[in-house]
Amino acid sequence: MIAQIYPLKRMPRSVKVFDYEVPENLSPLLRGQLVTIPFRQSVLYGIVARVQEKPKRGILLKSIISIEPHYALSDAELIFFESMAYELVQSVSSFLYACLPKIPKHIRTTKKTVQEIKTLTIPKSESESLFTLAKQLSDRHRAFCYQSDLKRIAAMITFYLREKSDQKCIILTPTVLDATRLRAYVQAFSPMLYTSEQTEQEQFNTWLSFKTATHGMLIGTKNTIFLTDPQTTTIFVVRSSSSHHGHHQQNPRFDARCVLERYEQLMHTNLFYFDVLPRFEDLYKYSDTPILGQSPHVDLSLVDMTQEYQGSAAGSYLSFIAQETIERELKQKSRILCVLNKKSRVSRLSCSTCKKSVVCSTCQSAYAVSENQMRCIRCLHTEPRWNICEFCHTATIKETSCGNKKLSEILQNEFPNARFSSIDKEHPFVDKEADIILTTSFYLEEPFNPFEPDQFGVIVLLDADESLYHESSESLRETLYAFEQWKAVAFRCRASLLLQTRTLSLFQEYLENPDTFLRKELASRSSYHLPPFRHICLLQLKETDLRRKDIRLSEYKREIRKRLPEVHIQNMPNGLEIRFIDTEKNILLDLFFTFPDDVIIDMHADSR
């Protein structure tokens, strides 16, 4: 008997299985079982890929040492891991090693810690609608549902599980903080927690407890998706449009939502997404079913900065309307939250005479500006950088950018009697006594607690267009997603929302009918070869010699063109961006497996 084994160890992508002899005392050996094997000068764990009756061919094979009782993978689970390893251009051994919890040297039970239990309360005016949405979910196999914050998502899940108490479910959150906050409010379901902050012993014990349970709840971040099993009935994805669901910094590079789509196809698990705005992928996948829920209503004011900014002593940073609003709120003893992302590379061209922004002549999208050229972030049209305005023909084109340091000085000068505070990743402390707080998107990730929100009179988005100028095909969605996130914060904090923009018509068209706007944009993405109609793969090299790097990238580009002459390949600063359709995927994957391991391949780059 010969067993083909996946050693639980990082292996080159071209490595498949290793043959071992099966001792008679270990028969019958089954696919998916955990075994210990001799490997070079050490002993490793391995997973049985298959067992075959075939001759040894005169080769002296090492024998399997033992079958380990800790766990075994079902055939369905192993098929899932094998298919994902292929899709991510990884050896199955490496993928299993990275995804499965590590087995501690000395397995012991961990002490159960006393978990904080908090009461989840929802206003009566909202509880009926949330209960109705939960009922609608229970009639569906998969859905996207608008929900403004983690508290209301917790209520939805609670209502759903009360109707279906026999469920074995996983709740996927984008951050550890979200997972721990959510856990405290769903203690009625005895949830287990799985995060990267736990020890190997805690992770392993949590996985075994969930794996052997017939029903229950597991809450965790992106790696939790690999703890699913055939008995898992439902998966909830919290804040499903967040980029934190992606894992792109080291192998295996993946996006949790793409992995879940594959898992749902294999296992037919219920799959529900919750967030303030769907991705275009969600609209595409759920085109035949209505999206549930709706965006929350807040008191919203739009300010056209092409008209208003001249009336302010603070220049282009603070409109006259924003100044008046802040002054009014201060008189009423209300707190103000001002938002501006200082770390994003915001660079745009506009004319200081006619006040018009320079946009793409092909599709009217924003340009990413470099020293000598402008490249459209959407259709990739490029042209030389303007020096003279083509609207008013004056040489007053200027590059503008925003920064929190300068804005902090402006706000303190404009409102000298107000107590001022700034919050960002380097300064996470929240001054509860501050009258005016200036923050970045960091506030959404940590300081903002939807279960215990701060109270503000108004939230001011000082530059709602900031994300439009990111060099990304997702810049429009990122802009609208940021807007909807701050709108949800305003709703939870019972504040009004004031939005400053130089693209007023964009927000007006979106707000008139969000669903129509998004589906119109979805249709246009097909013309520009953008996701979800095309998938994006990034190919990068670990090569320090720039000349050799260019030569190798050119070789890989030719190899891809030989097999797929029509595929779209874009040269990027660190490698190649490849846009492909479903029918081209397997051809690319088979080719990528022939590339050396210093070629970094991200098949889920759509979500970066």
Side-chain angles (χ1 to χ4, degrees), residues 71 77 99-101 109-122 130-131 133-135 137-138 140-143 145 147 149-198 202-240 242 245 256-257 259-260 263-264 267-275 450-451:
Y71 66 82
E77 288 175 287
C99 297
L100 294 177
T109 58
T110 52
K111 293 181 180 179
K112 288 189 176 182
T113 56
V114 178
Q115 300 300 326
E116 185 179 14
I117 301 176
K118 294 188 176 182
T119 304
L120 181 62
T121 57
I122 295 292
L130 290 174
F131 180 75
L133 285 173
K135 290 283 287 182
L137 278 187
S138 64
R140 296 192 181 193
H141 170 58
R142 52 186 295 164
C145 183
Q147 277 307 317
D149 57 60
L150 197 61
K151 181 176 181 179
R152 280 146 188 82
I153 294 173
M156 281 275 295
I157 293 173
T158 298
F159 284 138
Y160 179 90
L161 294 179
R162 281 179 181 173
E163 292 291 312
K164 297 190 172 186
S165 57
D166 59 340
Q167 296 281 296
K168 184 176 182 179
C169 69
I170 285 180
I171 303 177
L172 197 67
T173 64
T175 66
V176 174
L177 185 58
D178 283 336
T180 53
R181 281 175 175 169
L182 182 62
R183 185 190 191 191
Y185 289 89
V186 291
Q187 281 296 316
F189 304 102
S190 302
M192 292 175 257
L193 187 68
Y194 185 91
T195 72
S196 58
E197 295 182 356
Q198 293 173 318
E202 290 172 328
Q203 289 181 334
F204 186 74
N205 287 350
T206 298
W207 180 44
L208 286 190
S209 297
F210 185 72
K211 189 174 178 61
T212 55
T214 56
H215 63 277
M217 176 188 290
L218 178 63
I219 304 174
T221 49
K222 47 186 170 278
N223 281 340
T224 310
I225 57 176
F226 301 115
L227 309 189
T228 51
D229 58 54
Q231 286 71 48
T232 303
T233 54
T234 306
I235 300 174
F236 302 100
V237 187
V238 173
R239 292 173 58 207
S240 61
S242 170
H245 287 295
R257 295 155 296 193
V259 176
L260 283 175
Y263 185 83
E264 186 269 333
M267 304 292 190
H268 307 290
T269 306
N270 298 326
L271 182 57
F272 302 127
Y273 293 132
F274 299 100
D275 211 334
F451 296 101

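Distance CD1/Ile235 to CD/Glu264: 9.0 Å, rounded to 0.5 Å. For the atom pair CG (Asp229) and OG1 (Thr269), the distance works out to 9.0 Å, reported to the nearest 0.5 Å. One finds the CG atom of Asn223 at 8.0 Å from the CD atom of Gln203 (value rounded to the nearest 0.5 Å). Considering OG1 of Thr195 and CD of Glu202, their distance stands at 8.0 Å, rounded to 0.5 Å. Put simply, CG on Asp166 and CG on Leu161 are 9.5 Å apart, with the number rounded to the nearest 0.5 Å. Atom CG of Asn270 and atom OG1 of Thr232 lie 11.0 Å apart (nearest 0.5 Å).
With contacts defined as side-chain heavy-atom distances shorter than 4.5 Å, the pair Arg257/Tyr273 qualifies. Using a 4.5 Å heavy-atom cutoff, the side chains of Ile171 and Arg183 are not in contact. When side chains are defined from C-beta on, Phe236 counts as touching Cys169, because their heavy atoms get closer than 4.5 Å. Taking 4.5 Å as the limit, some side-chain heavy atom of Leu172 sits within range of a side-chain heavy atom of Leu260. Under the 4.5 Å side-chain criterion, counting only non-hydrogen atoms from C-beta, Trp207 is not in contact with Leu218. Between Val259 and Lys222 the shortest side-chain heavy-atom distance does not fall below 4.5 Å. When side chains are defined from C-beta on, Tyr263 does not count as touching Ile225, because their heavy atoms never get closer than 4.5 Å. By the 4.5 Å heavy-atom criterion applied to side chains, Lys168 and Phe210 are counted as neighbours.
Listed by first then second residue, pairs satisfying side-chain hydrogen bond (donor to acceptor under 3.5 Å, both in side chains) with a partner in residues 150-165 read Glu126-Arg152, Asp149-Arg152, not counting sequence neighbours.
Across all their heavy atoms, Lys118 and Tyr185 have their closest contact at CD-OH, 3.3 Å. The two atoms that bring Ile153 and Gln147 nearest to each other are CG1-CB, 3.7 Å, heavy atoms only. Across all their heavy atoms, His245 and Pro174 have their closest contact at CE1-N, 3.6 Å. Contact record, Asp275 with Ser242: OD2-N, 3.8 Å, taken as the closest heavy-atom pair. Leu120 approaches Ala154 most closely through the heavy-atom pair CD2-C, 3.9 Å.
Just one residue in the list Leu208, Thr206, Leu227, Asn205 forms a side-chain contact (heavy atoms from CB on, under 4.5 Å) with Pro101, and that residue is Leu227.
Under the 30°/60° scheme for interplanar angles, the aromatic rings of Phe204 and Tyr71 are found to be tilted.
The local environment of NE2 in His215 is sparse, with at most 12 non-hydrogen atoms from other residues, nucleotides or ligands closer than 6.0 Å.
Take Thr233 and apply the side chain to side chain donor-acceptor pair (under 3.5 Å) test, not counting sequence neighbours, and it matches Gln167.
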Audit row: Val186, Met217, side chain to side chain contact (heavy atoms under 4.5 Å, CB included) steps and yes/no: CA-CA 9 Å; Val186 291; Met217 176 188 290; 3.8 Å; yes
Candidate pair Ser196 and Val176, rule side chain to side chain contact (heavy atoms under 4.5 Å, CB included), full reasoning: CA-CA 8 Å; Ser196 58; Val176 174; 4.3 Å; yes
Derivation and outcome, side chain to side chain contact (heavy atoms under 4.5 Å, CB included), residues Leu137 and Phe274: CA-CA 11 Å; Leu137 278 187; Phe274 299 100; 3.7 Å; yes
